[in-house]
Amino acid sequence: MTSRITINTLYSMKQKGEKIAAITAYDYPFAKIADEAGVHIILVGDSLGMVVQGEANTLGVTMDQMVYHTRIVEKAVNHAMVIADMPFMSYQTSLEQAIANAGRFLKQSNAAAVKLEGGAAVSKTIKAITACGIPVQAHIGLLPQSVHQMGGYRVQRDEAQLLSDARMVEEAGAFSVVLEGIPADIAAEITRTISIPTIGIGAGPDCDGQILVIHDLLGMTDRRLPKFVKQYASIREQAAEGIKSYVADVQSRTFPSKDHSY
Ligand code: KIV
């Protein structure tokens, strides 16, 4: 049995300058593939609203859905750290609500940590959850759950605000912070300034680690990919080819052959 990645592994990787590779996953088979391929963090992201449920944004994702998906991902994983994303309005109403929902992820889905969006505005929430012994990953910059308030998915460029957010979430006790959609030089400055690992998505090469949505990375989606995505496989095309061949074989009576019959 291999040992699991913990927050201490991630701190030590930052100190040694070893890059952290993170990916999202939402189900057992892809979580298993990602874990066996050696990723350090698997985030069960609320991006599942878009890439799995086909919604236009992440806002409709519920706690029950996130707990279900995190549970099946966690069952597949032997090595990576599994982080559960707290969905929109599961931590904003009160500290009690935030603690109860964060706790649900550890109790009901075996996640090792939770992630929530926001900087200074959620620092009290991060403090309250970590005080219960639940590790929190923060998320600053472009905040998909605030898409309407931000007027769309826009790169965030206010350096003073971003640096202050990063310092506040570190002070509040976050063990790591996702930097989404911010200029590379600001992400590099944040990464130098704070002692917790930064995980970038659309934040340039100098973060302590990187994260991508698995559907984007493997070419499983028909949506237009953002500039920051590098596509490493074309699963959608391969799957379509495979299924077309199956349809043709059924119609031409080539499948099932004697080899596939009893
Ligand atoms: O929901 C998600 O997948 C995320 C990552 C893109 C960081 O928040």
Side-chain angles (χ1 to χ4, degrees), residues 10 20-27 30-31 34 39-63 65-70 72-74 80-92 101-102 105 109 111 113-119 122 126 135-147 150 153-156 162 165-166 169 174-182 187 190-191 196-204 207-218 220-221 223-232:
L10 302 176
I20 299 164
I23 198 170
T24 68
Y26 317 96
D27 62 21
F30 279 106
V39 297
H40 304 103
I41 294 174
I42 295 182
L43 171 71
V44 188
D46 65 353
S47 49
L48 84 85
M50 297 168 84
V51 298
V52 175
Q53 298 173 338
E55 301 292 347
N57 57 47
T58 61
L59 303 183
V61 176
T62 67
M63 269 303 295
Q65 291 165 355
M66 289 303 302
V67 168
Y68 167 80
H69 282 275
T70 307
I72 58 179
V73 162
E74 165 59 32
M81 178 177 200
V82 173
I83 303 179
D85 211 4
M86 298 195 70
F88 182 55
M89 294 317 290
S90 69
Y91 55 95
Q92 288 92 339
N101 281 328
F105 278 120
S109 66
V114 299
K115 175 172 87 59
L116 51 84
E117 292 184 14
V122 291
I126 294 173
V136 177
Q137 182 174 58
H139 181 155
I140 67 171
L142 191 165
L143 306 178
Q145 292 178 8
S146 303
V147 57
M150 290 183 161
Y153 296 101
R154 294 174 188 283
V155 174
Q156 301 297 302
L162 289 163
D165 280 340
V169 298
F175 73 91
S176 165
V177 56
V178 169
L179 307 181
E180 178 162 358
I182 70 179
I190 293 172
T191 302
I196 56 174
T198 61
I199 307 294
I201 174 160
C207 301
D208 297 307
Q210 298 291 328
I211 184 162
L212 283 176
V213 169
I214 193 166
H215 286 61
D216 296 344
L217 178 151
L218 293 181
M220 289 196 275
T221 171
R223 72 189 177 114
R224 204 169 63 83
L225 293 180
K227 173 181 160 78
F228 61 78
V229 172
K230 180 168 175 187
Q231 193 182 317
Y232 286 86

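Order of listing sets the numbers, starting from 1, for every ligand and every atom in it.
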Regarding ligand 1, does [X] bring an N or O atom to under 3.5 Å of one of the ligand's N or O atoms?
X    : result
D85  : yes
T24  : no
E180 : no

Show the atoms of ligand 1 that are less than 4.0 angstrom away from any heavy atom in [X].
X    : result
G45  : 1 (O), 2 (C), 3 (O)
H139 : 8 (O)
I201 : 6 (C)

State, with a plain yes or no, whether a side-chain heavy atom of [X] is found less than 4.5 Å away from one of [Y].
X    : Y    : result
S90  : M63  : yes
N101 : M86  : yes
I140 : V177 : yes
V61  : Q53  : yes
F88  : D46  : no
Y26  : I214 : yes

Spacing of CZ belonging to F175 relative to CD1 belonging to I126, to within rounding of 0.5 Å: 10.5 Å
Residues, nucleotides or ligands: over 12 heavy atoms within 6.0 Å of F228 CZ: yes
Nearest-neighbour protein heavy atom for [atom], which is reported as residue plus atom name and distance:
atom                   : value
atom 4 (C) of ligand 1 : L43 CD2, 3.6 Å
atom 8 (O) of ligand 1 : K115 NZ, 3.0 Å
atom 3 (O) of ligand 1 : S47 OG, 2.5 Å

Whether E117 lies under 4.0 Å from ligand 1, heavy atom: no
Location of contacts on I199 toward ligand 1, heavy atoms closer than 4.0 Å: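 Under 4.0 Å from ligand 1, I199 contributes no heavy atoms.
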